[in-house]
Amino acid sequence: MGFDSEIKEFLDMQKKENGEATANTYRSKIYAFYEFVSLELREMDVTYICFLNVMDKDKLLQSVEYYVKAGNLKSRAAVDIYFSVIGNFYKFLSKKYGKTNDYFQDNIKKQEFKDAFERKVKELHLRDSDAQEPIDREMAEKILKECDKLIDGIDIEKILRKDKGVYSNYLSSLIVKLVLAYGLKNEAIRKLKIRDYNDQLNDLVINNYRVHLPDGLAMQMKRYKEIRQRFLNKYQMKSERLFFDDYDIEKELDNTKMYIVLKKVMGNMQAGGVAKYAIIQLLREGIPVYIISDFTSYKEEVLDYCQELVDAERGLSLLSEKSKILDSALRKNELFDGM
């Protein structure tokens, strides 16, 4: 069996045992390893299985560095997964062939390689993995379902009476839906004014970008505007803010008020993972990073991290894939055919 067939069998096994999402995550990592080994084998007269068996710590770390540089990676999140994927690939080989590489079978050697890997990560100046990882599609749907349940089941009279927790859950649900739809950072939400929302056109101006609301959220925001005004009228207050604290209208909304609904679904109030989910959707659609940054208020570090995840999904860290993209673009040069 050839090396490429070995890789395909490994990925098929991952898909069968762990699902398509895992196989997709593994694909770019294992093919980067495949590419590194293939380039090394050009200079040697040995079989791929022999080379894999005798790869020492330094050569394995060279493959890590190859993966980082090929993908122009800045954070260690994808590199940690690469480390795990290579380990699982060697487990696959071990089950198939028996003894393979000591750095993945001998406990002392495994720890030695792990320690060396950590040193390599520091040497490459990779940022620590973000504590708030993006949520997945399944979690996004759970959050959306909970938000809609709380918004559509709201009792207006309880809000007007300031019954404990009712307004907070209602407001939080609306805000979380905005984060889920647009990937907004806290500061972008806090500075929204009532004038930024147009209930006739169903749009919202966020950091000077005018965007349409999804149909469901558009209907919910219309109702919110009415409830908001009834609340202000009852307590004879005025506010320019789109969202405000019902107990202290001048107070800036705190994280608990904004994201309490996430606690029910995720067990925490880490809205960053929700925002990253939305940002990743924008990146997948090819929206330029500078526009996403202006719109969401998230800065380069977060966007770079999300871009790395998207690139990893697409396998763009592979030299072969980059070559195809570059060659296709070069062929479109209007002078190309005449050269």
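Numbers for residues simply follow the sequence, beginning at 1.
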Taking the six-membered ring of Phe83 as reference, does the NZ or CZ atom of Lys114 fall below 6.0 Å from its centre and within a 45° cone about the axis? yes
Do Asn88 and Tyr26 pair up side chain to side chain, a donor and an acceptor below 3.5 Å, judged on atom types alone? yes
Less than 4.0 angstrom from a charged side-chain N to a carboxylate O is my criterion; do Glu300 and Lys74 meet it? no
Under-4.0 Å salt bridge between Arg76 and Glu118: yes
Keeping to residues at least two apart or across chains, list the salt bridge (charged side-chain N to carboxylate O under 4.0 Å, His left out) pairs with something in residues 214-224. none
Is the centre of the Phe3 ring less than 6.0 Å from the centre of the Tyr34 ring? yes
Can you list, pair by pair, the side-chain donor-acceptor contacts under 3.5 Å of residues 329-339, counting residues two or more places apart and other chains?
residue : atom : partner : partner atom : Å
Arg331  : NE   : Asp327  : OD2          : 2.9
Asn333  : OD1  : Leu335  : N            : 2.9

Take Val274 and Tyr259, measure what side-chain contact (heavy atoms from CB on, under 4.5 Å) needs, and give me the verdict at the end. CA-CA 11 Å; Val274 180; Tyr259 301 121; over 6 Å; no
Would you say Val179 and Tyr277 make side-chain contact, with heavy atoms under 4.5 Å? no
So which of Arg127, Glu308, Glu301 actually passes side-chain hydrogen bond (donor to acceptor under 3.5 Å, both in side chains) with Ser75? Glu308
One thing to verify: whether Glu6 and Lys96 come together as a salt bridge, which I'm taking to mean a side-chain N less than 4.0 angstrom from a carboxylate O. yes
Side-chain donor-acceptor pairs under 3.5 Å in residues 104-113, sequence neighbours left out?
residue : atom : partner : partner atom : Å
Gln105  : OE1  : Thr100  : N            : 2.8
Gln105  : NE2  : Ser94   : OG           : 2.7
Asp106  : OD2  : Ile108  : N            : 3.1
Asp106  : OD2  : Lys109  : N            : 2.9
Gln111  : NE2  : Asp115  : OD1          : 2.8
Glu112  : OE2  : Lys57   : NZ           : 3.2

